[in-house]
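One structure below.
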There are 2 protein chains.
Amino acid sequence: MKIGELAKQSGLSAHTLRFYEKQGLISPSTRSESNYRIYNQNDLSTAKFIKRSRDMGFSLEEVEVFLSIRADKPAHICADAKDIAQQKIVDVGQKIKEMQQVLVALHKLSDACCGGSESAEFCSIIEALDDRPLTDHTSHQDKQVGTKEDVA
Amino acid sequence: MKIGELAKQSGLSAHTLRFYEKQGLISPSTRSESNYRIYNQNDLSTAKFIKRSRDMGFSLEEVEVFLSIRADKPAHICADAKDIAQQKIVDVGQKIKEMQQVLVALHKLSDACCGGSESAEFCSIIEALDDRPLTDHTSHQDKQVGTKEDVA
DNA sequence: CTTGACCTTAGACTATACTCTAAGGTCTAG
DNA sequence: CTAGACCTTAGAGTATAGTCTAAGGTCAAG
């Protein structure tokens, strides 16, 4: 199949497939007379493998390692793959924690502000970013707290 | 004070301050005879304001809006600031949810793999990324599950 | 008067992962 | 035979936010 077909079947774009080829992740098994990239079922599996890995949050560099393990499994051990996954778990977990902290801070910031059409003269958000003590200016509106949904 | 001093006191680097100047976020109140940037206390407040905003996860573009509100408060209303904060809360919340899903998937991926020095011939991670059904190969090790800490 | 710390500029480079463009060749249906 | 869909390449552009370099000027201390 040609690149357009592989794109359709793998969920990657033709552009991206060419880009991945430049990065050494996947290349067509053959070329047609007219120099078109020709892919087979094996290539499709590889493309899907890459797509799935990317969707799991792995970087192209990490995908490259997975691909090399996949290409010669007996030459590798499970730890090779698991180490990458474990590290990613740590990284993602860390990132989530950071973002949760940011979220809490954002809620504090936002909740103190009335958000109405009052002049921003005493806007709590600007004040807080300016390091002035956080004062509650929500009062000139019907204190509507409870907008916190997903702070862990 | 010169840029180095402002850098020290604001927590931003001199490089970054010059970069922010190019982006129109902050500029020295004056220049010395020798063309050095000279900042005053007001500039320091601004630099800190930017730093705090960045730490809260706001983009430079959003910081720019905050700065313009701050520069002329009566010309703005609280909603101008709160809208940005609310949108950021939505974005960060969404991002966290996505990452939590990735984290769950990563745990599934990782937990099925023994991670030992066994050949990767039947490595569950590679298999799963290859879309073969997830089989449990942890058994040739003392099934050590419970490595999940922070999946929400 | 020299050394070293600090400052200046424009512009290039980093990271990550694409995404698109220009200019052209190929193929298929009507 | 021609239109339109598809393919080719090298290389530039996008997004975000810095980070660094080269080549040079300034300034205070010793």
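The structure displayed is predicted, hence computed values, not measured ones. Within every chain, numbering begins at 1; the chains are lettered A, B, ... in the order of the sequence lines, protein sequences first and strands thereafter.
B/R18 comes within 4.0 angstrom of a nucleotide base, judged by non-hydrogen atoms across all strands. At a threshold of 4.0 angstrom between heavy atoms, the contacts of B/R54 are confined to the sugar-phosphate backbone, with no base atom among them. Here B/S59 lies in heavy-atom contact (under 4.0 Å) with sugar-phosphate atoms only.
Salt bridge annotation for A/D130-B/R70: present, with a cationic side-chain nitrogen under 4.0 angstrom from a carboxylate oxygen. Under the 4.0 Å criterion applied to side-chain N and carboxylate O atoms, B/D55 and B/K51 are assigned as salt-bridge partners.
Taking the side chain of B/I3 as heavy atoms from C-beta on, and the options C/dT8, C/dC18, D/dC20, the nearest nucleotide is C/dT8. Between D/dT8, C/dT19, C/dT8, one nucleotide has an atom nearer to the side chain of A/F19 than all others, and that is C/dT19. Minimum atom distance to the side chain of B/T16 is reached by D/dT19, of the listed D/dT19, D/dT8, C/dC7.
Under a 3.5 Å cut-off, the side chain of A/R52 and the backbone N or O of B/L129 do form a donor-acceptor pair.
Nearest-nucleotide positions on DNA chain D for A/Y36 and A/K22 put A/Y36 closer to the 5' end. Between A/S34 and A/H15, the residue anchored nearer the 5' end of DNA chain C, judged by the nucleotide with its closest heavy atom, is A/H15.
Counting heavy atoms from C-beta outward, B/F49 and B/L25 have side chains that stay 4.5 Å or more apart.
Distances shorter than 4.0 Å separate some side-chain N or O of B/Y20 from OP1 or OP2 on D/dG18.
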